[in-house]
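Okay, so here's the structure we're looking at.
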Amino acid sequence: MSTLILDGRATRDALIPGLMKRVQALSYVPTLAIIQVGDRPDSTAFIRAKKAFAKKIGIGEKHIQTTETVSQSELIDIIKECNADKGIHGIIVQLPLPIHLDRDAVIDAIEPKKDVDALTAWSVKRWLEGREDAIMPATARGIRTFLKMYKIDLFGKKVTVIGRSMLVGKPLITMCLNENATVTVCHSKTPDLAKETKWADVLIVAAGKQGLIQAKHVKRGQVIIDVGINSVTGEKLDDEIEGVRLVGDVDFEKVSKKVAAITPVPGGVGPMTVFSLFENLVDLCAGMN
Ligand code: NAP
């Protein structure tokens, strides 16, 4: 049987009209503030993708870029200005931040009702509890929608998640639990990765390690969701994030020959993450969270 390639761009495109209707139903233009510290090329590329998508669906954006050396208090003052600005409805601080900044303190300065990434302590508690009205971090929300669109039900399934970060892994683990999957979590100290990955019906990989998952880690019939984004030098450019050639954590070539369904990189989880970020913004505008 041939492998199903889960197409994030086509899925996102099918969902755009519904989101645009919600945007147009608002009496104002929802606007997202994107705060960038420094000029990391990967952050700049991700922000460019978010800005392009905002423009496409009629959402406003304000890109605020500081120097790499901005102080903690200066950065928090910028966030406070965005909190107070009635023309700004959502705020994201592009991560990662330089090490001299306290990420938790910076994130927690965001007004929860404008917390599009759902990373403030207030938002985290709500999605951890599995509240239906909680804003979910965009990658987890995007993957949940992605799977539903392909009618891949997590209910009662065995899911292995690789990665346990606050930004990606933990929201994914929580999302899968909330969908009634039985979840195994792997990380850099997991002694026998293949044993844990082969056990799963659905394998979600979010390690940021190119080539981590090889044919020996998977079995026939599995669904593989590759969240990883790794930049490599090469001649082929992604057509949505210019100037960077991207690969995932899964050896697509070899693994795709064996499994039932797989997401490509680029064109898999990435477009769904951007889409869900803006779904979160529209939900915040509608008074959720
Ligand atoms: P992170 O903070 O570096 O976390 C990586 C996680 O992977 C950690 O939990 C780490 O374990 C685990 N890990 C690392 N090496 C491993 C190994 N050899 N075996 C098993 N586990 C290993 O990264 P992140 O922010 O969660 O992001 C993960 C990846 O997702 C990155 O490539 C990032 O660019 C990508 N991403 C993609 C999207 C998208 O839309 N597609 C969105 C956001 C992020 P420890 O906890 O033990 O260190």
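Small disclaimer: the values here were computed from a predicted structure and weren't measured.
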Of all heavy-atom pairs between [X] and [Y], which one has the smallest distance, and what is that distance?
X: L284; Y: K113; answer: CD2-O, 3.5 Å
X: I91; Y: I88; answer: CG1-CG2, 4.0 Å
X: N230; Y: G248; answer: ND2-O, 2.8 Å
X: A181; Y: L177; answer: O-CD2, 4.0 Å
X: L246; Y: P266; answer: O-CD, 3.7 Å
X: Y150; Y: D7; answer: OH-N, 2.9 Å

Are the side chains of [X] and [Y] in touch, meaning some heavy atoms are under 4.5 Å apart?
X: P137; Y: L167; value: no
X: Q94; Y: R40; value: no
X: C82; Y: E111; value: no
X: I135; Y: V116; value: no
X: E74; Y: T66; value: no
X: I64; Y: E81; value: no
X: I47; Y: E61; value: no
X: M149; Y: M272; value: no

Sequence neighbours left out, what pairs pass salt bridge (Lys or Arg N to Asp or Glu O under 4.0 Å) with at least one residue falling in residues 179-208?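 Found K148-E179.
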If a pair satisfies ring-ring contact (aromatic ring centres under 6.0 Å, His included) and one of its residues is in residues 55-104, list it, with sequence neighbours excluded.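 Applying ring-ring contact (aromatic ring centres under 6.0 Å, His included) to every pair that reaches into residues 55-104, excluding sequence neighbours, yields Y28-H89.
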State whether R141 and D283 are salt-bridged, where the test is any N-O pair (Lys NZ or Arg NE/NH1/NH2 against Asp/Glu carboxylate O) under 4.0 Å. yes
Quick one: does any side-chain atom of [X] pair with a main-chain N or O of [Y] as donor and acceptor, under 3.5 Å?
X: T3; Y: S256; answer: yes
X: K62; Y: G87; answer: no
X: W127; Y: A118; answer: yes
X: E279; Y: L19; answer: no
X: K157; Y: V202; answer: no

Assess whether side-chain contact (heavy atoms from CB on, under 4.5 Å) is satisfied between K254 and K258, documenting all intermediate values. CA-CA 7 Å; K254 294 185 184 125; K258 212 166 160 187; over 6 Å; no
Membership question, hydrophobic clusters at under 4.5 Å side-chain separation (ILVMFWY): are [Y] and [X] in the same one?
X: L277; Y: V29; answer: no
X: L172; Y: M166; answer: yes
X: I110; Y: I76; answer: no
X: I173; Y: W199; answer: no
X: I143; Y: L15; answer: yes

E129 atom CD: more than 12 heavy-atom contacts under 6.0 Å: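 Counting other residues, nucleotides and ligands, CD of E129 exceeds 12 neighbours.
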V223 and T263: CA distance, side-chain angles, deciding distance, side-chain contact (heavy atoms from CB on, under 4.5 Å) verdict: CA-CA 9 Å; V223 174; T263 61; over 6 Å; no
Assess the residue pair I262 and I5 against the criterion (side-chain contact (heavy atoms from CB on, under 4.5 Å)); give the C-alpha distance rounded to whole Å, side-chain angles, the decisive distance to 0.1 Å, and a yes or no. CA-CA 5 Å; I262 187 167; I5 308 298; 3.8 Å; yes
At what distance, to the nearest 0.5 angstrom, does [atom1] of [X] lie from [atom2] of [Y]?
X: I225; Y: D249; atom1: CD1; atom2: CG; answer: 13.0 Å
X: R164; Y: H187; atom1: CZ; atom2: NE2; answer: 4.0 Å
X: R103; Y: Q72; atom1: CZ; atom2: CD; answer: 12.5 Å
X: L95; Y: F46; atom1: CG; atom2: CZ; answer: 11.5 Å
X: D102; Y: L75; atom1: CG; atom2: CG; answer: 11.0 Å
X: N178; Y: E132; atom1: CG; atom2: CD; answer: 10.0 Å

Can you list the steps and then say if D117 with D115 is a side-chain contact (heavy atoms from CB on, under 4.5 Å)? CA-CA 6 Å; D117 272 336; D115 178 18; 4.3 Å; yes
Just to verify, what does F53 make a ring-ring contact (aromatic ring centres under 6.0 Å, His included) with, not counting sequence neighbours? F278
